[in-house]
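Report on the structure given below.
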Amino acid sequence: MKRRKKSKPRAARPRSLARANRTSAQAEKLRQARIDTIRNVAAVLGHETRNLLGALETCVQLLRRNPHVTGEDAELLDIIQSGSRRLNEIVSQFSTFGNPKARKFEDVQLHELIENGLALLQRDDRCSSTIAVSRRFDAFVHNIKADREQLAQVLWNLLLNAVQAMGDQGRLEVETHRVGKEIKILVRDTGPGIPPAVLPNIFEPLYSTKSRGIGLGLSIARSIVEAHGGRIAVESKNGKGTSFIVRLPIEPKG
């Protein structure tokens, strides 16, 4: 009895492939147009709002010098100052997104930069004192060529997202690994996780699941990482936490 030969899988039809490529190109074109629009709005918003915030902060400081401002009046000043600082953070994110700075590459001690970010985080009132922090640093990871300020911003966005996802309790884990000519940075939390339907959109500008979020932090982080020749990814399971993985070349090209 002769054995039947297994049929080879059919190659993708050229027309289907071309159609898929056109669809992908159109989607990327629309995405870039949306980003350009947001950047233009962000540039105007940042310029106009910063002047008003500066004047508001000066007024608050002058009023605080008045010894007669006490009780409810002092509490109202606290509310104004807290609100203006929050608004300043929002404007700063829009300004960064709307007018990204030129990169200045230098030797950066990665572990020192992470420790600085963790120290700031643990002094921030958005980080619960009951959250445990663990580090697992690769001894073969030393300096990396990067823009120090921009890389610090990426780390800050990921660390802050992690503690905000956990709320009052949880564990924040930060790891580094050297993989060939790349450095891998892992930021993991033990929060509730990100729903599968949300995952594809979290790096998109102005997309946020937070009640007070504006949805630019992760978008800015991705832009910075890609500008360094790297890539960023996310893994998450409901009820089991979220991991952000950043891969950066030790020596960026160009």
Side-chain angles (χ1 to χ4, degrees), residues 85 88-97 99-129 131-166 170-191 202-203 213-236 241-254:
R85 285 175 179 172
N88 189 53
E89 288 179 5
I90 294 172
V91 172
S92 295
Q93 286 196 29
F94 268 100
S95 297
T96 300
F97 187 81
N99 186 27
K101 296 179 181 178
R103 298 182 302 281
K104 180 183 177 182
F105 287 105
E106 59 183 312
D107 285 332
V108 176
Q109 219 300 324
L110 182 59
H111 295 160
E112 179 185 346
L113 200 66
I114 293 173
E115 290 289 5
N116 290 343
L118 288 172
L120 287 173
L121 184 72
Q122 291 173 310
R123 291 197 295 268
D124 194 291
D125 58 10
R126 289 168 289 184
C127 177
S128 171
S129 59
I131 290 177
V133 178
S134 70
R135 305 155 176 81
R136 187 181 174 190
F137 293 159
D138 190 333
F140 291 98
V141 173
H142 301 293
N143 287 357
I144 183 173
K145 283 283 187 181
D147 183 294
R148 182 185 299 275
E149 183 179 337
Q150 291 186 6
L151 185 53
Q153 185 172 9
V154 171
L155 292 170
W156 175 254
N157 286 340
L158 297 183
L159 294 172
L160 184 60
N161 268 4
V163 297
Q164 287 182 319
M166 290 185 283
R171 185 176 187 83
L172 171 64
E173 300 174 1
V174 185
E175 298 180 10
T176 62
H177 302 276
R178 177 164 181 166
V179 184
K181 295 183 179 180
E182 286 187 334
I183 299 297
K184 182 171 78 169
I185 306 167
L186 178 69
V187 178
R188 182 188 296 118
D189 67 64
T190 57
I202 61 169
F203 291 110
I214 58 172
L216 284 179
L218 289 177
S219 182
I220 291 170
R222 181 176 67 174
S223 296
I224 292 173
V225 169
E226 290 179 349
H228 279 68
R231 55 201 187 280
I232 184 170
V234 60
E235 297 174 357
S236 187
T242 301
S243 299
F244 281 92
I245 305 100
V246 176
R247 289 180 170 84
L248 292 169
I250 297 174
E251 291 283 347
K253 295 179 182 179

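The residues of the chain are indexed from 1 along the displayed sequence.
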key: Step-by-step side chain to side chain contact (heavy atoms under 4.5 Å, CB included) determination, Leu158 to Val246   = CA-CA 10 Å; Leu158 297 183; Val246 176; 3.7 Å; yes
query = Which residues pass the salt bridge (Lys or Arg N to Asp or Glu O under 4.0 Å) test with Arg188, sequence neighbours left out?
reply = Glu173, Glu175
inquiry  = Quick check for you: to the nearest 0.5 Å, what is the distance between Ser243 atom OG and Asp189 atom CG?
reply    = 7.5 Å
Reported CG-to-CG distance for the pair Leu118 and Leu113, which is rounded to 0.5 angstrom = 10.0 Å
key: Gap between atom NE2 of His177 and atom CZ of Arg247 - 0.5 Å precision   = 10.0 Å
task = Using atom types as modelled and distance alone, determine if a side-chain donor or acceptor of Asn143 lies under 3.5 Å from a backbone N or O of Asp107.
result = no
key: Smallest separation among heavy atoms of His142 and Gln109, with atom names   = O-NE2, 3.8 Å
query = Considering only heavy atoms from C-beta outward, does the side chain of Ile185 approach that of Val154 to under 4.5 Å?
reply = no
request  = For Leu172 and Leu121, run side chain to side chain contact (heavy atoms under 4.5 Å, CB included): C-alpha distance rounded to whole Å, both residues' side-chain angles, the deciding distance at 0.1 Å, then the answer.
outcome  = CA-CA 11 Å; Leu172 171 64; Leu121 184 72; 3.8 Å; yes
key: Pair Thr190-Met166, side chain to side chain contact (heavy atoms under 4.5 Å, CB included): steps then yes or no   = CA-CA 7 Å; Thr190 57; Met166 290 185 283; 3.5 Å; yes
ask   = How about Asn157 and Phe244: do any of their side-chain heavy atoms sit closer than 4.5 Å?
value = no
note = Gln122 meets the side chain to side chain donor-acceptor pair (under 3.5 Å) criterion, sequence neighbours left out, with none
ask   = For Glu251, what residues pass the side chain to side chain contact (heavy atoms under 4.5 Å, CB included) criterion, not counting sequence neighbours?
value = Lys145
Taking every non-hydrogen atom, the tightest pair across Leu218 and Phe203 = O-CD2, 3.6 Å
What side-chain donor-acceptor pairs closer than 3.5 Å can you find for residues 132-140, not counting sequence neighbours?
| unit_1 | atom_1 | unit_2 | atom_2 | d |
| --- | --- | --- | --- | --- |
| Arg135 | NE | Glu115 | OE1 | 3.0 |
| Arg135 | NE | Glu115 | OE2 | 2.9 |
| Arg135 | NH2 | Glu115 | OE1 | 3.3 |
| Asp138 | OD1 | Phe140 | N | 2.8 |
| Asp138 | OD2 | Arg178 | N | 3.0 |

message = Holding to side chain to side chain contact (heavy atoms under 4.5 Å, CB included), I want the full list of residues that pass it with Arg103, two or more places apart in sequence or in another chain.
response = Phe105, Asp147, Gln150, Ala227, His228
key: Under-4.0 Å salt bridge between Glu182 and Arg231   = yes
inquiry  = Is any side-chain heavy atom of Leu248 closer than 4.5 Å to one of Leu151?
reply    = yes
message = I'd like to check the side chain to side chain donor-acceptor pair (under 3.5 Å) partners of Arg171; sequence neighbours left out, ordered by chain and number.
response = none
ask   = Where is the tightest heavy-atom contact between Val187 and Ala162, given as atom of each residue plus distance?
value = CG1-CB, 4.3 Å
